[in-house]
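Counting starts at 1 for both ligands and their atoms, following the listed order.
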Amino acid sequence: MPIDLRSDTITQPTLGMREAIAKAVVGDDVLGDDPTVQQLERYVAGLLGKEAAVFMPSGTMTNQVALRTHTEPGDEVILESQAHIYYYEGGGPAALSGVTCRLINGDRGVFRATDLAQVLRPSNVHFPHTKLVCLENTHNRGGGKIYPLVEIDAIAQLCQQHQLKLHLDGARLWNACIATDITAADYVKAFDSVSVCFSKGLGAPIGSALAGSNEFIQRARRFRKMFGGGMRQAGMIAAGALYALKHHRPRLQADHSNAQNLAKGLQSIPGIVIEPKTVETNIVVFQTASLSAQTLVERLKQKGVYVLAVGPKSIRAVTNLMVSAEQIQQVPHLVELALIET
Ligand SMILES: Cc1ncc(COP(=O)(O)O)c(C=O)c1O
């Protein structure tokens, strides 16, 4: 069995989840007939303390529908420079919403209210209308960094003063909640919209949801349909998402301690640079001192360890429910062997 640390999206549904999927009661969700999808949407809205939620096939779609729902073409959206919405969603903001993106360089994905204040401009015919600020918690390219709640509160206050909406890409919000002991509802109170994923650490095969006010979600449903995300007997996948939410959130703690152990194991290897303190959740980013990241990735693959190069000297390993503590223990030694290969 390979030790697959490429992403937490590689997870396979568990037996219990497969049973829940098999038994799901379904209907045509575009016609409003799928009770399992409706149950999931109510459950997610409740967990996040929002009025409503809408189920979608992917995190990319929930984010892009959120942008389209909050904005009109020509508006400006403010994001951190490595934000998934900007970096990894195929130019969606420009192509699907016609918005311009204004970027702020954060500290591993986290910017502060003072950084935001510096890029806000007065209303003037020369400038686009700034409508929306997006944050990401935890931050993928920031190595799973947690957004501190005090920073979020300060940013939300500034947004309110400037009539800006605030969206959260919470694909890994569940990880932030487990790591901080802050409930999801408390974490997202200040946001107008929140996107969450079921197919990452939680281990469902497919699915994300967008949550917000009743009015916002009603408008989002129109754009979901327009973007091709209206699904028919979607209860088949909603059942997996519900099962994941109810059974797999506490176990994220195991992924976090596996990530911490991996970071500590890698720290002592000559040729590897990592600071375990920077590993806050399930994402471990480490650097090679001299070898190219891609070469090490290929050598590790030969040894049954799958990771991804995320920069010329940067490698990402994401702990997930398919990888045990025992397997994680083996990884530093395999990295050491891969480094000395010629
Ligand atoms: C932070 C973040 N947001 C959004 C997404 C998009 O999710 P999906 O792959 O379901 O489109 C990802 C995927 O890895 C992600 O890491």
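- Side-chain atoms of His167 and Ser195 form no donor-acceptor pair, as typed in the model, at a separation below 3.5 Å.
- Not counting sequence neighbours, His256 has no partner by the ring-ring contact (aromatic ring centres under 6.0 Å, His included) test.
- Ion pair Asp8/Lys200 not flagged as a salt bridge, since none of the NZ, NE, NH1 or NH2 atoms sits closer than 4.0 Å to an Asp/Glu carboxylate oxygen.
- Taking 4.0 Å as the cut-off between side-chain N and carboxylate O, Glu215 and Arg221 do not count as a salt-bridged pair.
- Environment of CD in Glu51: crowded, with over 12 heavy atoms of neighbouring residues, nucleotides or ligands closer than 6.0 Å.
- Under the side-chain contact (heavy atoms from CB on, under 4.5 Å) rule, Asn282 has a single partner from Asn320, Val318, Leu5, which is Val318.
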Show the short N or O contacts, below 3.5 Å, that ligand 1 makes with protein N or O atoms; if there are none, say 'none'.
| unit_1 | atom_1 | unit_2 | atom_2 | d |
| --- | --- | --- | --- | --- |
| ligand 1 | 3 (N) | Asp169 | OD1 | 3.0 |
| ligand 1 | 3 (N) | Asp169 | OD2 | 2.7 |
| ligand 1 | 7 (O) | Lys200 | NZ | 2.8 |
| ligand 1 | 10 (O) | Gly59 | N | 2.8 |
| ligand 1 | 10 (O) | Lys200 | NZ | 3.4 |
| ligand 1 | 11 (O) | Gly59 | N | 3.4 |
| ligand 1 | 11 (O) | Thr60 | N | 2.9 |
| ligand 1 | 11 (O) | Thr60 | OG1 | 2.6 |
| ligand 1 | 16 (O) | Asn140 | ND2 | 2.8 |
| ligand 1 | 16 (O) | Arg172 | NH1 | 2.7 |

